[in-house]
Amino acid sequence: MRCLGNVIWFLCCGLWQGLLWFIYGVFWSITIVGVPIGRQCFKLATLVFFPFGKEIQCGGNSLSVIANIFWMIFSGIPLALGAMCNGLLLCCTIIGIPFGIQCFKIAKLALIPFGTTIIHT
């Protein structure tokens with residue numbers, strides 16, 4: 001079921017959301033200072049492409065907080081708003097509710113991506 005969910009997700013939502021994460025990663029990687037943030041974007045783009053069967057655990061240290069603040073100001077809010085709008089639209093139907101829940105998980109991740117751990121279930 002997880003594989004079917006990931007395939008449907010990728011075709012309906014995951015492709016464009018994952019590409020946005022990838023594009024933000026490229027922009028962050030242009031500068032030397034932004035390379036760690038860009039690497040995190042690329043890593044999380046794989047989660048956004050196929051989110052079913054993965055959980056997110058938040059944590060981190062003071063460097064994560066500083067990186068999250070810069071991230072939220074420059075990139076996090078647009079990604080989170082896009083994922084939340086997509087999630088609200090998907091939750092309008094019963095079939096779309098599991099996909100909407102994944103969108104909300106990605107919206108949370110878009111606001112605080114640093115210090116999070118991806119757990120494969």
Side-chain angles (χ1 to χ4, degrees):
M1 198 62 165
R2 180 175 37 202
C3 182
L4 180 63
N6 278 327
V7 169
I8 294 171
W9 168 265
F10 183 78
L11 295 175
C12 295
C13 309
L15 179 63
W16 73 269
Q17 286 187 8
L19 286 176
L20 284 175
W21 278 86
F22 187 79
I23 290 168
Y24 275 108
V26 169
F27 286 139
W28 277 101
S29 296
I30 290 173
T31 64
I32 293 175
V33 177
V35 169
I37 297 173
R39 286 186 62 223
Q40 183 76 356
C41 288
F42 297 138
K43 183 171 67 171
L44 296 176
T46 60
L47 170 75
V48 174
F49 282 134
F50 303 108
F52 286 93
K54 298 173 186 159
E55 294 295 325
I56 300 170
Q57 185 178 17
C58 296
N61 54 20
S62 59
L63 288 175
S64 302
V65 172
I66 294 169
N68 280 328
I69 290 170
F70 280 113
W71 169 261
M72 194 179 303
I73 291 170
F74 295 112
S75 303
I77 293 174
L79 283 173
L81 286 175
M84 288 193 58
C85 290
N86 197 16
L88 289 173
L89 288 174
L90 286 169
C91 286
C92 290
T93 64
I94 293 174
I95 296 172
I97 291 175
F99 300 106
I101 291 171
Q102 295 301 321
C103 282
F104 296 137
K105 177 171 75 172
I106 291 169
K108 176 184 171 186
L109 181 67
L111 290 176
I112 50 168
F114 299 98
T116 58
T117 306
I118 300 170
I119 302 169
H120 297 275
T121 57

Answer yes if [X] and [Y] sit in the same cluster of Ile, Leu, Val, Met, Phe, Trp and Tyr residues linked by side chain heavy atoms under 4.5 Å apart, and no otherwise.
{"X": "Val65", "Y": "Leu44", "value": "yes"}
{"X": "Ile97", "Y": "Leu89", "value": "no"}
{"X": "Phe52", "Y": "Trp16", "value": "yes"}
{"X": "Leu109", "Y": "Ile77", "value": "no"}
{"X": "Leu111", "Y": "Ile106", "value": "no"}

When rounded to the nearest 0.5 angstrom, what is the spacing between [atom1] in [X] and [atom2] in [Y]?
{"X": "Leu11", "Y": "Asn6", "atom1": "CG", "atom2": "CG", "result": "11.0 Å"}
{"X": "Leu19", "Y": "Leu15", "atom1": "CG", "atom2": "CG", "result": "4.5 Å"}
{"X": "Cys3", "Y": "Ile8", "atom1": "SG", "atom2": "CD1", "result": "10.0 Å"}
{"X": "Gln17", "Y": "Leu79", "atom1": "CD", "atom2": "CG", "result": "8.5 Å"}

Considering all heavy atoms, the nearest [X]-[Y] contact:
{"X": "Cys41", "Y": "Gly25", "result": "CB-CA, 3.5 Å"}
{"X": "Ser75", "Y": "Pro78", "result": "O-CD, 3.2 Å"}
{"X": "Cys91", "Y": "Phe104", "result": "SG-CE1, 3.8 Å"}
{"X": "Lys105", "Y": "Pro51", "result": "NZ-O, 3.3 Å"}
{"X": "Gly87", "Y": "Cys103", "result": "CA-CB, 3.5 Å"}
{"X": "Ala80", "Y": "Ala110", "result": "N-CB, 3.6 Å"}

Can you check whether [Y]'s main-chain N or O pairs, donor with acceptor, with [X]'s side chain at less than 3.5 Å?
{"X": "Thr116", "Y": "Gln57", "result": "no"}
{"X": "Lys108", "Y": "Ile56", "result": "no"}
{"X": "Asn86", "Y": "Gly82", "result": "no"}

Are there over 12 heavy-atom neighbours, none belonging to [X], within less than 6.0 Å of that residue's [atom1]?
{"X": "Met84", "atom1": "CE", "result": "no"}
{"X": "Phe22", "atom1": "CZ", "result": "no"}
{"X": "Phe70", "atom1": "CZ", "result": "no"}
{"X": "Ile32", "atom1": "CD1", "result": "no"}
{"X": "Ile119", "atom1": "CD1", "result": "yes"}

Checking Phe114 against Leu63 for the side-chain contact (heavy atoms from CB on, under 4.5 Å) test, could you report, in this order, the C-alpha distance in whole Å, the side-chain angles of both residues, the deciding distance, and whether it holds?
CA-CA 9 Å; Phe114 299 98; Leu63 288 175; over 6 Å; no

Yes or no on side-chain contact (heavy atoms from CB on, under 4.5 Å) for Ser29 and Phe42, after CA distance, side-chain angles and deciding distance?
CA-CA 10 Å; Ser29 296; Phe42 297 138; 3.8 Å; yes

Any heavy-atom pair between the side chains of Trp9 and Phe50 that's under 4.5 Å?
no

Test of ring centre spacing under 6.0 Å for Trp21 and Trp28:
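Centroid separation for Trp21 and Trp28: 6.0 Å or greater.
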
Parallel, tilted or perpendicular for Tyr24 and Trp71, by the 30°/60° rule?
perpendicular

